[in-house]
Amino acid sequence: MNFVRLNEILNEHYGNLHWWPAETPEEVVIGAILTQNTSWRNVEKAIENLKKIGIRNLSQIVNGDQEKIREAIKPSGFYNQKTARLISVSRAIQSAGGIDSLRKMDDASLSHFLSSLKGVGKETEESIMIYALGRKKFVVDKYTMRIFSRTGIIQSETILPTELKNEIENRMSLEELNNFHGALVNLGKDFCKTKPVCVQCPVRNECNYAKDFTLP
DNA sequence: CTCCAGGGGGCCA
DNA sequence: TGGCCCCATGGA
């Protein structure tokens, strides 16, 4: 199994996803922070609550009432940390000239800027880069590592070789990268859970783990 | 009741 | 660097 074949199977099963459910690039930034180790269902509630108090972009977070924000995002969990992260990240982006200024940065500068922010780790950074700013990035999350490891694309569930990540980003178009990550998340939610549901998984016939799992 | 979710930071060896 | 703990709500 390799990533090209996995992508083919996912495309057949899920089609084109037009991924990251957000209305605006700034909402992607907000969602990327809120979804840290949190189910998207709970993030949706938090975003809805924010909208109810009139907050749907970064300047509204910077100028908003901190206590109201804290209450609004409670459903997404870790709300004390996330309130602080939302505000400091939003403030930093505004100080840098807003999201339109980020758009003008080259990939290296943008990556350097984002990764310097507290509360923005590798996955959050990459999510913002591709889904808010259209950069060719392969977002690596827990599902990616689990699926790559179980299918046999990588050996260790904690190490994704830099060479492989570069190859994926070089070989796939922006649209393909966008869709690939979305499909991986969906596969992770639907089948490749902590407790996997291999019997109906679209990858089962070519997955090392499913073979082991279903053998008598 | 237990387990887990589209992580990240701090700390320590 | 790599492992461990903490953060917290809500669904299965």
Side-chain angles (χ1 to χ4, degrees), chain A residues 6-7 10 13-14 17-23 25 27-50 52 66-90 92-93 111-133 135 137-151 154-163 165 168 177-197 200-201 203:
Chain A
L6 175 61
N7 188 42
L10 293 176
H13 191 79
Y14 289 112
L17 296 166
H18 296 293
W19 214 59
W20 201 286
E23 294 176 11
E27 200 178 303
V28 172
V29 175
I30 295 170
I33 291 172
L34 292 180
T35 198
Q36 290 169 357
N37 202 36
T38 302
S39 66
W40 187 255
R41 177 179 295 279
N42 286 0
V43 175
E44 284 180 318
K45 292 179 184 172
I47 290 177
E48 274 310 301
N49 288 343
L50 285 174
K52 280 181 192 164
Q66 185 164 338
E67 275 311 308
K68 286 185 179 174
I69 294 174
R70 188 191 308 274
E71 286 303 312
I73 69 169
K74 264 192 177 177
S76 73
F78 308 117
Y79 55 89
N80 289 313
Q81 288 186 8
K82 286 178 179 175
T83 300
R85 289 177 184 181
L86 278 178
I87 293 172
S88 67
V89 167
S90 300
I93 292 176
S111 174
H112 182 264
F113 170 73
L114 290 174
S115 60
S116 74
L117 306 178
K118 290 210 165 141
V120 178
K122 231 21 210 168
E123 190 195 335
T124 306
E125 172 194 333
E126 289 168 342
S127 296
I128 292 172
M129 286 189 74
I130 180 169
Y131 294 109
L133 299 167
R135 306 307 169 96
K137 284 289 172 184
F138 178 51
V139 180
V140 180
D141 63 358
K142 195 184 297 177
Y143 287 140
T144 306
M145 299 303 287
R146 183 189 297 162
I147 294 166
F148 274 32
S149 159
R150 285 179 177 170
T151 52
I154 59 177
Q155 310 311 315
S156 159
E157 187 156 349
T158 55
I159 300 171
L160 179 73
T162 309
E163 189 178 277
K165 178 168 157 45
I168 292 174
L177 287 166
N178 178 318
N179 212 47
F180 190 30
H181 173 61
L184 285 169
V185 172
N186 276 323
L187 190 80
K189 283 180 182 170
D190 297 340
F191 306 102
C192 208
K193 313 176 181 184
T194 309
K195 250 187 108 172
V197 188
Q200 300 189 48
C201 177
V203 191

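Note on naming: letters A, B, ... go to the chains in the order of the sequence lines (proteins, then strands), and numbering restarts at 1 for each one. Worth saying up front: this structure is predicted, and the values here are computed from it rather than measured.
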Handout entry: From Phe78(A) atom CZ to Asn37(A) atom CG, the distance as rounded to the nearest 0.5 Å
Key = 5.0 Å
Exercise for the section: Classify the nucleic acid contact of Lys122(A) as base, sugar-phosphate or nothing, counting any heavy atom under 4.0 Å across all strands shown. Expected result: sugar-phosphate
Handout entry: Euclidean distance, atom CE of residue Met145(A) to atom P of dG7(B) [Å, nearest integer]
Key = 13 Å
Problem - Touch class at under 4.0 angstrom, heavy-atom based, for Ile73(A) against every strand present - result: nothing
Problem - Atom pair distance, as rounded to whole Å: CD in Glu123(A) and P in dG7(B) - result: 5 Å
Completion exercise
Which of Val43(A), Ile69(A), Ile73(A) passes side-chain contact (heavy atoms from CB on, under 4.5 Å) with Lys82(A)? It is Ile73(A)
Problem - Below 4.0 Å: OP1/OP2 of dA5(B) and any side-chain N or O of Thr35(A) - result: no
Fill in the blank from the handout: Asn80(A) atom CG is separated from dG8(B) atom C1', nearest whole Å, by 15 Å
Exercise for the section: Just call it for Gly121(A): base, sugar-phosphate, or nothing, with non-hydrogen atoms closer than 4.0 Å on any strand. Expected result: sugar-phosphate
Fill in the blank from the handout: Lys193(A) atom NZ is separated from dA5(B) atom P, nearest whole Å, by 10 Å
Practice task
May I ask you to verify if any side-chain N or O of Ser39(A) is less than 4.0 angstrom from the OP1 or OP2 atom of dG10(C)?
Solution key: no
Exercise for the section: Would you tell me if any nitrogen or oxygen in the side chain of Asn37(A) comes within less than 4.0 Å of OP1 or OP2 on dC4(B)? Expected result: no
Practice task
Specify the separation, in whole Å, of atom NZ of Lys189(A) and atom C1' of dC4(B).
Solution key: 13 Å
Handout entry: Residue met sooner reading DNA chain B from 5', once Arg41(A) and Val120(A) are mapped to nucleotides
Key = Arg41(A)
Fill in the blank from the handout: In whole angstroms, the gap separating C1' of dC7(C) from CD1 of Ile33(A) amounts to 15 Å
Practice task
Hey, which sits more toward the 5' end of DNA chain C by its nearest nucleotide, Pro75(A) or Ile159(A)?
Solution key: Ile159(A)
Completion exercise
Regarding the side chain of Gln36(A), the nearest nucleotide among dG11(C), dG8(B), dC4(B) is dG8(B)
Handout entry: Interatomic distance, Leu34(A) CG vs dT9(C) P [rounded to whole Å]
Key = 15 Å
Practice task
Identify which nucleotide among dG8(B), dT9(C), dC4(B) has an atom closest to any side-chain atom of Tyr79(A), counting heavy atoms from C-beta outward.
Solution key: dT9(C)
Practice task
Determine yes or no for a side-chain-to-main-chain donor-acceptor pair under 3.5 angstrom, with Lys122(A) supplying the side chain and Val140(A) the backbone.
Solution key: no
Practice task
State whether the number of non-hydrogen atoms from other residues, nucleotides or ligands found under 6.0 Å of Glu157(A) atom CD is greater than 12.
Solution key: yes
Problem - N or O in side chain of Lys45(A) less than 4.0 angstrom from dG11(C) OP1/OP2 - result: yes
Exercise for the section: Give a yes/no answer on whether the side chain of Arg146(A) brings an N or O atom under 4.0 Å of OP1 or OP2 in dA5(B). Expected result: yes
Practice task
Indicate yes or no for a side-chain donor-acceptor contact from Thr151(A) to the backbone of Phe148(A) under 3.5 Å, with no hydrogens or angles considered.
Solution key: yes
Practice task
Please check if any side-chain donor atom of Thr83(A) sits under 3.5 Å from a side-chain acceptor atom of Gln66(A), or the reverse.
Solution key: no
Practice task
Mind calculating the distance between NZ (Lys142(A)) and P (dG7(B)) to the nearest angstrom?
Solution key: 5 Å
Practice task
May I ask you to say what Lys118(A) touches in the nucleic acid, namely base, sugar-phosphate or nothing, with a heavy-atom cut-off under 4.0 Å?
Solution key: sugar-phosphate
